[in-house]
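Here is the structure we will look at.
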Number of protein chains: 2
Amino acid sequence: MTARRDPDGRREAIVRAAVETIAEVGLGQVTHRRIAARAGVPLGSTTYYFPTLDDLVAAALREGTEAARALLEDWAEALTVSPDPAATLVELAERYLADWDRALLEYELYLAAARTPRLRPVAALWTDGLRGICARFAGPARGFALAALVDGAMLQALVAGGPLEAETLRAGADALLSPRTAAGST
Amino acid sequence: MTARRDPDGRREAIVRAAVETIAEVGLGQVTHRRIAARAGVPLGSTTYYFPTLDDLVAAALREGTEAARALLEDWAEALTVSPDPAATLVELAERYLADWDRALLEYELYLAAARTPRLRPVAALWTDGLRGICARFAGPARGFALAALVDGAMLQALVAGGPLEAETLRAGADALLSPRTAAGST
DNA sequence: TCTGTACATGTACAAATGTACATCAGCGGG
DNA sequence: CCCGCTGATGTACATTTGTACATGTACAGA
């Protein structure tokens, strides 16, 4: 049975393949041919749906990041009902990092955004989301610090090629979430 | 006056050009030709001194990171004599980030190390150095958290394309360096 | 059934790239 | 000055890549 036409589905399959390809080989090694092969479509399809490779990559980064950001809603909920937000935050970060590809994609996006201003709104999907959540529990300044800590701790785990250092993040979260000033401080 | 032979100097010039090229265009767009042009040497020189582009890139990453790590000794000294280590740390991070290229190189290295285990020892030059210093002031767990916070805060500044958020880092450093448990806690 | 439009494909091509290496140049010692 | 070794150069080449597009196919409406 020959597949029926499904332009939307095909376009999405290409974007999904691009997400996976970026995670696997990094932005610098992404090619049309790699994406096409991964999506199981002919080479010409990638340029049919996207004018340039940059456009395809941008679409992939956006899609990957939107998926990650959607997770943050679960984070917010889990932290809200948790009797121990610091411990919960550690668990959430560990779980996030368990999907290595997703984490790599995030940092690929960060580095790309550092060089390419038009990607910054995409990167902000995650950073602003995370910061917003952390600020809800620790106030603005400490909350933003907590978000930076989470990002930094996960990055360091990636660099070391190992798991998140739970005690490190736990100690930091404890300090930043300590009841001393979190709720009422400016 | 024709330049005399200086193989060591030439090799270093190539590595230096590679460092600058990586910072400028990112690891994914680094080419022999770009490095050679930047170093002001003929194309063949890059392959004369380095068997592969990967070897040249690795040498550049190492050199760039060693230079950055050497700065950490200044950090240690400044923090030691400072009456307000948190404020000093913020200043040091701000100054580090003022050299945008250097900061970009660091994160390029991080991301590369996440994918390429043989680069991890190079990345560890910075992460271990920073962690060691922070641990000296905040103890192991909180010190490691502080190091992650510094890395995360700088990364977020790069992503946003703006300056370091001093208040954020300041708030985090204050919390992690608070006298409550820093000196004696395990 | 025919037709026009949209979807899809695979080829072609110019440009770029890493690498290899034949050849040339510099230099020091005899 | 000559020679051999080391340093240096620029060309060549096979491969890869992004992009363009002619051609073919699918499909809905008349």
Side-chain angles (χ1 to χ4, degrees), chain A residues 1-63 108-109 112 115-116 118-119, chain B residues 1-63 108-109 112 115-116 118-119:
Chain A
M1 175 67 180
T2 308
R4 306 194 68 90
R5 284 182 168 181
D6 178 13
D8 289 342
R10 166 158 290 208
R11 190 183 189 280
E12 281 166 21
I14 290 169
V15 174
R16 217 176 307 128
V19 168
E20 291 162 10
T21 304
I22 292 168
E24 183 191 346
V25 302
L27 277 174
Q29 307 302 130
V30 168
T31 64
H32 279 119
R33 288 165 173 83
R34 279 209 170 99
I35 294 170
R38 197 169 192 116
V41 301
L43 174 60
S45 290
T46 59
T47 52
Y48 178 75
Y49 288 98
F50 297 91
T52 65
L53 186 60
D54 276 353
D55 291 332
L56 174 51
V57 164
L61 290 173
R62 172 174 287 278
E63 162 131 351
E108 287 282 348
L109 169 61
R115 295 184 194 284
T116 313
R118 72 167 179 149
L119 288 176
Chain B
M1 172 69 180
T2 308
R4 307 192 70 88
R5 280 183 174 181
D6 177 15
D8 290 342
R10 167 158 289 205
R11 191 181 190 280
E12 281 165 21
I14 291 171
V15 173
R16 217 176 306 128
V19 168
E20 292 162 10
T21 304
I22 292 168
E24 182 191 348
V25 303
L27 278 175
Q29 307 302 131
V30 169
T31 65
H32 279 117
R33 287 164 173 82
R34 278 207 169 98
I35 294 169
R38 196 168 193 116
V41 301
L43 173 61
S45 289
T46 59
T47 51
Y48 179 76
Y49 288 98
F50 297 91
T52 65
L53 185 60
D54 275 353
D55 290 333
L56 175 50
V57 163
L61 289 173
R62 172 174 288 277
E63 163 132 351
E108 287 282 349
L109 170 60
R115 295 184 195 282
T116 313
R118 72 169 180 145
L119 288 176

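- In this structure, B:R38 pairs ionically with B:E24, as a charged nitrogen and a carboxylate oxygen lie closer than 4.0 Å.
- The interatomic distance linking B:D8 (CG) with D:dT6 (P) rounds to 15 Å, in whole Å.
- Between the side chain of B:R33 and the base of C:dA16, no donor-acceptor pair of N or O atoms lies under 3.5 Å.
- Closest approach of A:I14 to A:I35, counting heavy atoms only: O-CG2, 3.7 Å.
- Each of C:dC7, C:dG18, D:dT11 was ranked by its minimum atom distance to the side chain of B:L43; first place goes to D:dT11.
- The listed nucleotides are C:dG18, C:dC7, D:dT9; the one nearest the side chain of B:R10 is D:dT9.
- A:D6 comes within contact range of the sugar-phosphate backbone alone, with a heavy-atom separation under 4.0 Å but no base atom that close.
- Shortest non-hydrogen contact noted between A:A60 and A:V19 is O-CG2, 3.3 Å.
- Checking C:dG10, C:dG18, C:dG26 against the side-chain heavy atoms of A:P42 singles out C:dG10 as nearest.
- Annotation: of the two residues near DNA chain D, B:V41 and A:T31, the 5′-most nearest-nucleotide partner is B:V41.
- Phosphate proximity of D:dT9 to B:S45: present, with a side-chain N or O under 4.0 Å from OP1 or OP2.
- In the interface, the side chain of A:R5 is paired with the base of C:dC7 through a donor and an acceptor atom under 3.5 Å apart.
- Put simply, the side chain of B:T116 never gets that close to the backbone of B:L119: no donor and acceptor are under 3.5 Å apart.
- The listed nucleotides are C:dT19, C:dC7, D:dG7; the one nearest the side chain of B:P7 is D:dG7.
- When all heavy atoms are compared, the tightest approach of B:S45 to B:R10 is OG-NH1, 3.4 Å.
- When the P atom of C:dT17 is taken as reference, atom CZ of B:R34 falls 6 Å away, rounded to whole Å.
- The CG-P distance, from A:L27 to D:dG18, rounds to 13 Å in whole Å.
- Atom pair B:D54:CG and C:dT17:P shows a separation of 15 Å (rounding to whole Å applied).
- A straight line from CZ of B:R11 to P of D:dT6 spans 18 Å, rounded to a whole angstrom.
- Distance CD (B:Q29) to C1' (C:dG18): 15 Å, rounded to an integer number of Å.
- The phosphate of D:dG18 has OP1 or OP2 within less than 4.0 Å of a side-chain N or O from A:H32.
- Counting to the nearest Å, the C1' atom of D:dG7 and the CZ atom of B:F50 are 15 Å from each other.
- Atom-to-atom, OH of A:Y48 to P of D:dT23 comes out at 18 Å; the value is rounded to the nearest Å.
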